[in-house]
Amino acid sequence: MDPDSEISFDFQPFLCQYKSGRVFRYRSNATVPAGTDPVTGVVSKDIHVGAARARVYLPPDTAASPAKLPVIVYFHGGGFVVGSPAGTSNHAYLNDLVVHAGAIGVSVYYRLAPEHMLPAAYEDGWAAVRWAATRGDGADPWLLDHADLSRVFLAGCSAGANLAHNMAIRASATGALPKGVTVRGLLAVHPYFTGKEAVGAEVAFAAGVRKHMDRTWRFVFPGSLGLDDPLVNPFVNDDARAAVAKIPCERVLVCVAEADVLLKERGLWYYRELKASGYAGELGLLESKGVGHGFHMDMLHSEEGVELQKRTVAFIRK
């Protein structure tokens with residue numbers, strides 16, 4: 001059989017890879033250029049400085065105000081294999097978040113598997129966090145003129161929430177961020193975590209579900225320890241638990257979706273385990289009723305989408 005037509009790995013609903021190495025992504029890759037958003041008035045630009053790549057967002061009328069703004073470093077979802085800050089849904093979400101939160105947004109372009117296996121996305125994520133924390137290596141006018149780096153937030157959805165969490169772990173190391181930079185909060189929306197052992201309602205999952213989670217994780221991270229890698233199972237042992245307890249954020253908001261069959265239980269588990277870990281900050285939980293995983297990306301202005309965005313904005317503006 002032709003290796004360019006024989007599938008070697010099928011990662012539904014995202015992509016398939018053929019034996020030749022060719023990758024086909026099922027979802028649309030429609031993108032939107034940076035610029036001025038006609039709906040919100042938010043201005044965006046793409047930056048590529050060293051290892052850092054991001055789409056940066058600035059609220060309207062910022063130049064006319066002396067007020068300094070919080071900075072949201074945001075990581076999109078997509079199983080580590082699809083997605084982009086320039087994607088239509090991600091771009092619309094950031095415009096809406098930035099205008100309502102009154103914040104600078106830094107939406108990270110991270111390399112995707114299987115062309116770039118993990119830990120590439122983690123390295124790209126940290127490069128972007130460092131870029132924002134140093135005001136664009138001391139050269140970005142938006143960050144130089146308008147950023148309040150005592151109010152940095154790490155945020156993401158699904159795989160992006162996993163990235164945001166792991167960036168918070170890195171930020172806890174002594175000297176990881178410049179003096180005066182404070183990670184004020186961590187926002188984990190429908191977070192992607194897993195593990196060898198079932199938690200909560202996962203015990204009712206079919207036997208193949210755990211195998212699927214293991215196969216897909218190893219697909220994006222061949223060098224991983226598997227489902228008990230602390231990167232994807234943050235409470236797997238005492239050392240991992242202690243690392244999570246030390247995240248430098250004053251507050252954490254965990255969001256789950258009632259109809260998120262695969263990941264809701266892990267989100268609730270993450271909330272419970274973080275609460276029990278000794279984490280000293282403020283911890284919140286929001287469950288969106290009747291909707292599924294990542295629903296807000298296509299239902300931003302639905303009743304549940306508005307509720308989620310209001311809670312997110314209040315979390316940032318507090």
Side-chain angles (χ1 to χ4, degrees), residues 11 13-15 23-60 62 71-101 103-118 120-132 136-137 140-143 147 153-164 167 187 189-190 192 220 293-301 305 309 312:
F11 189 173
F14 301 123
L15 59 74
V23 175
F24 175 76
R25 288 177 167 84
Y26 298 117
R27 296 186 174 187
S28 168
N29 61 354
T31 58
V32 181
T36 301
D37 179 55
V39 176
T40 62
V42 171
V43 181
S44 59
K45 63 181 179 181
D46 287 328
I47 67 97
H48 188 180
V49 181
R53 295 187 63 223
R55 179 163 290 191
V56 189
Y57 296 79
L58 194 68
T62 299
V71 177
I72 306 166
V73 182
Y74 180 81
F75 301 90
H76 66 80
F80 297 106
V81 296
V82 298
S84 163
T88 53
S89 295
N90 287 318
H91 184 66
Y93 173 76
L94 261 293
N95 280 318
D96 190 80
L97 177 59
V98 162
V99 75
H100 287 105
I104 296 171
V106 179
S107 183
V108 182
Y109 288 95
Y110 56 87
R111 286 171 292 172
L112 302 174
E115 294 87 349
H116 304 281
M117 297 297 193
L118 293 179
Y122 295 113
E123 299 307 321
D124 294 347
W126 186 243
V129 171
R130 285 283 308 176
W131 180 85
D137 295 328
D140 184 81
W142 290 2
L143 293 172
F153 292 83
L154 302 174
C157 178
S158 192
N162 176 294
L163 279 160
M167 296 306 101
L187 174 67
V189 180
H190 311 166
Y192 167 60
V220 299
H293 186 76
F295 75 93
H296 54 295
M297 287 299 160
D298 297 316
M299 300 169 58
L300 185 58
H301 300 296
Q309 197 74 310
T312 299

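Take Leu300 and apply the side-chain contact (heavy atoms from CB on, under 4.5 Å) test, not counting sequence neighbours, and it matches Tyr93, Asp96, Gln309. Residues that satisfy the salt bridge (Lys or Arg N to Asp or Glu O under 4.0 Å) test with Asp140, not counting sequence neighbours, are Lys45. Judged as a side-chain contact (heavy atoms from CB on, under 4.5 Å), and not counting sequence neighbours, the contacts of Asp137 are Val49, Trp131, Thr134. For the ring pair (Phe, Tyr, Trp, His ring centres under 6.0 Å) test, residues two or more places apart in sequence or in another chain that qualify with Phe11 are Phe14. Contacts of Asp124 classified as side-chain contact (heavy atoms from CB on, under 4.5 Å), with partners at least two apart in sequence or in another chain: Tyr110, Arg111.
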- Item | Residue pair Ile104, Tyr57: steps toward the side chain to side chain contact (heavy atoms under 4.5 Å, CB included) verdict | CA-CA 6 Å; Ile104 296 171; Tyr57 296 79; over 6 Å; no
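The two residues Pro114 and Leu15 come nearest to each other via the heavy atoms CD-CD2, 3.9 Å. Here the closest non-hydrogen pair linking Gly83 and Leu112 is O-CD1, 3.6 Å. In plain terms, the two heavy atoms of Asn90 and Pro85 that are nearest each other are CB-O, 4.1 Å. Ala128 and Val108 make their closest contact through CB-CG2, 3.6 Å (heavy atoms, listed as atom of the first residue, atom of the second, distance). Closest of all the heavy-atom pairs between Val98 and Leu58 is CG1-C, 4.2 Å. Considering all non-hydrogen atoms of both residues, His190 and His293 come closest at O-CE1, 3.2 Å.
With contacts defined as side-chain heavy-atom distances shorter than 4.5 Å, the pair Pro59/Val99 does not qualify. In this structure, the side chains of Val43 and Pro60 stay at 4.5 Å or more apart for every pair of heavy atoms. Contact check for Leu97 versus Thr312: side-chain heavy atoms found under the 4.5 Å cut-off. In this structure the side chain of His296 reaches within 4.5 angstrom of the side chain of Val189, judged on heavy atoms. Trp142 is listed as a side-chain neighbour of Val56, based on a closest heavy-atom distance under 4.5 Å. Using a 4.5 Å cut-off on side-chain heavy atoms (C-beta onward), Ser44 and His91 make contact.
Residue Leu163 holds its CG atom at 10.5 Å from CG of Leu154, rounded to the nearest 0.5 Å. To the nearest 0.5 Å, the span separating CG on Asn162 from SG on Cys157 amounts to 12.0 Å. Interatomic distance, OG of Ser158 versus CZ of Phe80, reported as 8.0 Å (0.5 Å rounding).
Between Asp298 and Ser89, the side chains place a donor N or O and an acceptor N or O closer than 3.5 Å (distance only, hydrogens not considered). If you check the side chains of Asp46 and Tyr109, you find a donor sitting under 3.5 Å from an acceptor.
For residues 24-41, the set of pairs meeting the salt bridge (Lys or Arg N to Asp or Glu O under 4.0 Å) definition, not counting sequence neighbours, comprises Arg25-Glu115.
Looking at Asn95, its side chain never comes within 3.5 Å of a backbone N or O of Thr40 through a donor-acceptor pair.
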